[in-house]
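Protein chains get the first letters and strands the later ones, always in sequence-line order, with residue 1 at the start of each. Scope of the values below: all heavy atoms of this structure, side chains included, with no hydrogens, waters or symmetry mates.
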Amino acid sequence: MRQSRHIGKTMREAPKDAQTVAHALMVRGGYIQQLSAGIYIYLPLLLRTLNKISQIVREEMTIAGSEELLMPALQSRELWEESARWERYTAIDGIMFAFKDRRGATVCLGPTHEEVVTDILRRDTKSYKDLPKNVFQIQTKFRDEIRPRFGLMRAREFIMKDAYSFDLDEAGLDVSYEAMRKAYHRICERIGFQYRAVAADPGAIGGSGSQEFMVLADTGEDTILFCDACDFAANQEKAAGRLEEYPQETEHKPMEAVLGEGLIGTESLAKFLGIPLWKTTKTLIFEADDKIVAVMVRGDCDVNEVKVVNRLGCKSLKLAPPERIKTLTGAEVGYAGPIGLPADVLILADQYVNNRVNFECGANQTNYHNVNVNFGRDLGLPEFGDYRLAKENDGCPQCSGKLKSTRGIEIGHIFKLGTKYSQAMKCNYLDAEGKSKPAVMGCYGIGVTRIAAACVEQNHDEKGIIWPAQIAPYHAHLIALNIEEENLRQQAEALYTRLQNERIEVLYDDRPLRAGEKFGDADLMGIPVRLTVSKRTGDQVEFKLRKDPKSELTSVDEAVRRIKELCGLK
RNA sequence: CGGAGCGUAGCUCAGCUUGGUAGAGCGCCAGCUUUGGGAGCUGGAUGCCGCAGGUUCAAAUCCUGUCGCUCCGACCA
């Protein structure tokens, strides 16, 4: 492609709404343009990269035994009512774009395709001989995100590969899931990501197990915890950390309420009372849908709201507003405790709240704190469970190692769905005994546009993008300097033709600009190989890798050979 | 949806407090010089100051409404 005819001008300054490096570089490099909130134009350079990412994904899915199809993005309401997700996705979460067609029928743009794919497979599946099946598609998805952000990272319209497996039973699902898991690892490896597969919370999609594929980046929206000694790795919202248990006193002292005026927060309280932080207790009052729930964690810990939601099965969970806390506990915010709460309030306590002798908790009276509290004597046993947010330096739940923390971008998520959708939508088969059984499903998503953004986030320097050759928009960037000199122009044109004949994808900068501008644009765009011809290069060519600061003169033949080797061309 | 902020030239932004009819840098166009890391000089074009009302002799500026965008939270590939 001639750059003089290329659409997508580079910009020297980033638009002010670009918050992350990847977003800014993609806008500046002429990869994307914003049309409205969370809606982006994929300019020619980006489209080439997206196609290459898609091709890698396609190849690996095919090798893993999945068959490609393409489902409609425009879907009808009926299927979503069959799976009982219509209400949740429209009225409750509002994540789905839904509107009426000219006849007044309600239609929607697919945020995901469990319904449609289950509908397809139930027509195709009659006998146990029809399974297993696995299909995938690469398609534009629509999600009315509450807060789109960071350019392609969280957009309202984006490209996703989604695959769905249908098996006879759990054992079959395990096999399908494992094949997808391996394929996801190969995809990440082929793109050259620094990444980790982590245990994840399945969230609203449901199911028995899931893993996220996280590209490591400081700007990632997720925190992941991993063990420094074994292979344990999990999303922070899923992880269970191990805490040190402290030796306890043997004597149960009498409980008393201590005046500690204005002491909000366990740290200042522990200091004031002269007790270790772990003896204090945080009691948080939540509104779970329309019920009130109290959650206790040790004073040195925080509540993991995802775990609480999973325990309660509620739709929404948020901290109760101050007025509600006041009427409930009779105290200002900051003095809530488990003793004396109304009987209908469910009290959940993290397991590490237990096994403490003479601990502290709020007294439900402004400025007062109960000390020397003991379960069984001063209050009944609450429901214990794991409700604490794991964090860095916790003990590993699998071994004696310690957890480390890092940020990640979730580019893929694989789920064991089970029979949630097949049961609701009657995707059944007859087994060898003639008994009807629901297919056991898995679903596997990977964000194609998000991979592009994550890749830029992980591969750039102060000058611009540094694409790995596998997904770069072009293999080579041919820079012609002094192009107003006819003989040099002809030389550059000849080289351009030669490269094209060699099936090398080349962007040819034929613009009559100064060297600085052309090199600056090349660095910004990030094409892996830069070839320069000028009056200095004679019948040779300057060969430079984007990731490498040094350049050298080589013959054209040698340059072609190197490019083909780097890009895996024959 | 709750909280915060921003809409002025293609991009980044100044001007608004204290109303007087539009500015800078970069980019763009022309010419000359320059020519391997975003060069210099000269000349030039570009704005429904987001939109709609209101106040006023007069509104980019004050008021009201509205639309759009961004950031912080819950959602997710």
Side-chain angles (χ1 to χ4, degrees), chain A residues 9-20 23-24 27-28 33-39 53 57 88-89 92-96 111-113 138-163 184 200-205 210 212-215 221-222 235 237 305-306 309 315-319 321 408-415 443-454 463 479-485 488 511-524 530 532-537 542 544 549 551:
Chain A
K9 276 198 175 157
T10 56
M11 295 197 299
R12 286 176 80 161
E13 283 176 282
K16 63 172 176 211
D17 52 359
Q19 294 298 310
T20 60
H23 186 190
V27 174
R28 288 218 296 131
Q33 258 171 31
Q34 184 175 24
L35 196 59
S36 69
I39 315 269
I53 295 168
V57 170
R88 164 122 220 166
Y89 272 67
I92 298 169
D93 290 345
I95 198 81
M96 186 154 67
T112 177
H113 278 70
I138 297 172
Q139 186 202 41
T140 299
K141 292 279 188 275
F142 299 87
R143 289 186 192 172
D144 195 0
E145 292 283 349
I146 300 163
R147 195 151 94 73
R149 67 186 126 176
F150 303 153
L152 296 184
M153 209 63 91
R154 178 173 301 282
R156 295 199 294 168
E157 179 178 328
F158 60 98
I159 298 174
M160 175 173 157
K161 185 284 302 177
D162 45 329
Y184 273 48
D201 184 86
I205 294 186
S210 81
E212 290 165 329
F213 285 75
M214 294 283 193
V215 168
E221 295 184 89
D222 291 274
N235 194 311
E237 63 186 30
E305 293 186 20
V306 172
V309 169
K315 286 168 184 156
S316 87
L317 181 80
K318 42 189 178 196
L319 284 169
I409 299 166
E410 180 193 353
I411 55 130
H413 200 159
I414 57 178
F415 300 85
C443 79
Y444 317 92
I446 202 159
V448 172
T449 37
R450 189 179 278 182
I451 281 179
K463 290 176 180 169
I479 311 283
L481 298 180
N482 320 114
I483 197 166
E484 58 292 331
E485 289 182 33
L488 286 167
R511 301 170 303 167
L513 299 179
R514 302 168 62 84
E517 289 177 74
K518 301 181 101 168
F519 290 148
D521 279 351
D523 289 339
L524 181 56
R530 190 183 83 190
T532 307
V533 291
S534 74
K535 60 189 175 193
R536 285 190 197 174
T537 53
E542 182 191 88
K544 181 184 174 298
S551 61

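- A distance of about 43 Å separates the C1' atoms of B:C71 and B:G43, rounded to the whole Å.
- Note on A:Gln19: every side-chain N or O is 4.0 Å or more away from OP1 and OP2 of B:C72.
- Look at the P atom in both B:G25 and B:U35: the space between them is 26 Å, to the nearest Å.
- Base pairing of B:G23: its partner is B:C13, meeting the Watson-Crick or G-U wobble criterion (both donor-acceptor distances under 3.5 Å).
- Look at CG on A:Asp222: it is 11 Å from P on B:C75, rounded to the nearest Å.
- Counting only heavy atoms from C-beta on, A:Arg450 has its side chain closest to B:C76 among B:C76, B:A74, B:G37.
- Of all nucleotides listed (B:C72, B:C6, B:A77), B:C6 comes nearest to the side chain of A:Lys16.
- For A:Met160, taking side-chain heavy atoms from C-beta onward, the closest of the listed nucleotides B:G36, B:U35, B:A77 is B:A77.
- Among the protein residues, A:Arg530 comes within range of the nucleic acid bases, having at least one heavy atom under 4.0 Å from a base atom.
- When distances are taken from the side chain of A:Glu517 to each of B:U70, B:G38, B:G73, the shortest belongs to B:G38.
- In this structure, A:Ala454 reaches neither bases nor backbone, as no heavy-atom distance under 4.0 Å exists between it and the strands shown.
- Side-chain atoms of A:Asn482 lie closest to B:G36 of the nucleotides B:A39, B:G36, B:A77.
- Contacts of A:Gly412 with the nucleic acid, taken as non-hydrogen atoms under 4.0 Å apart, involve only primed sugar atoms and P, OP1 or OP2.
- Taking atom P on both nucleotides, B:A60 is separated from B:G19 by 14 Å, rounded to a whole Å.
- Of all nucleotides listed (B:C75, B:A39, B:A74), B:C75 comes nearest to the side chain of A:Glu221.
- As rounded to the nearest Å, B:U8 and B:A24 have C1' atoms that lie 12 Å from one another.
- The partner of B:A59 cannot be assigned: no Watson-Crick or G-U wobble pair with both contacts below 3.5 Å exists in any strand.
- Rounded to a whole Å, the CE atom of A:Met11 is 8 Å from the P atom of B:C11.
- Taking side-chain N and O atoms only, A:Arg149 has a distance below 4.0 Å to OP1 or OP2 of B:G73.
- Distances shown here put every side-chain N or O of A:Arg12 at or beyond 4.0 Å from the OP1 or OP2 atom of B:U12.
- Side-chain N/O atoms of A:Arg154 include none lying less than 4.0 angstrom from OP1 or OP2 on B:C75.
- Among the nucleotides B:G36, B:G38, B:A77, the one closest to any side-chain atom of A:Glu145 is B:A77.
- Applying the side-chain contact (heavy atoms from CB on, under 4.5 Å) test between A:Arg143 and each of A:Arg156, A:Met96, A:Met160 identifies A:Met160 as the sole match.
- The aromatic ring of A:Phe158 is stacked on the base of B:A77, with the two ring centres less than 5.5 Å apart and the planes inclined by under 30°.
- In the set B:A77, B:U70, B:C11, B:A77 carries the atom at the smallest distance from any side-chain atom of A:His413.
- You'll find that the side chain of A:Ile146 is closest to B:A74, out of B:A77, B:G25, B:A74.
- A straight line from CG of A:Leu319 to C1' of B:G73 spans 11 Å, rounded to a whole angstrom.
- Among B:G36, B:A77, B:A74, the nucleotide with an atom closest to any side-chain atom of A:Ser534 is B:G36.
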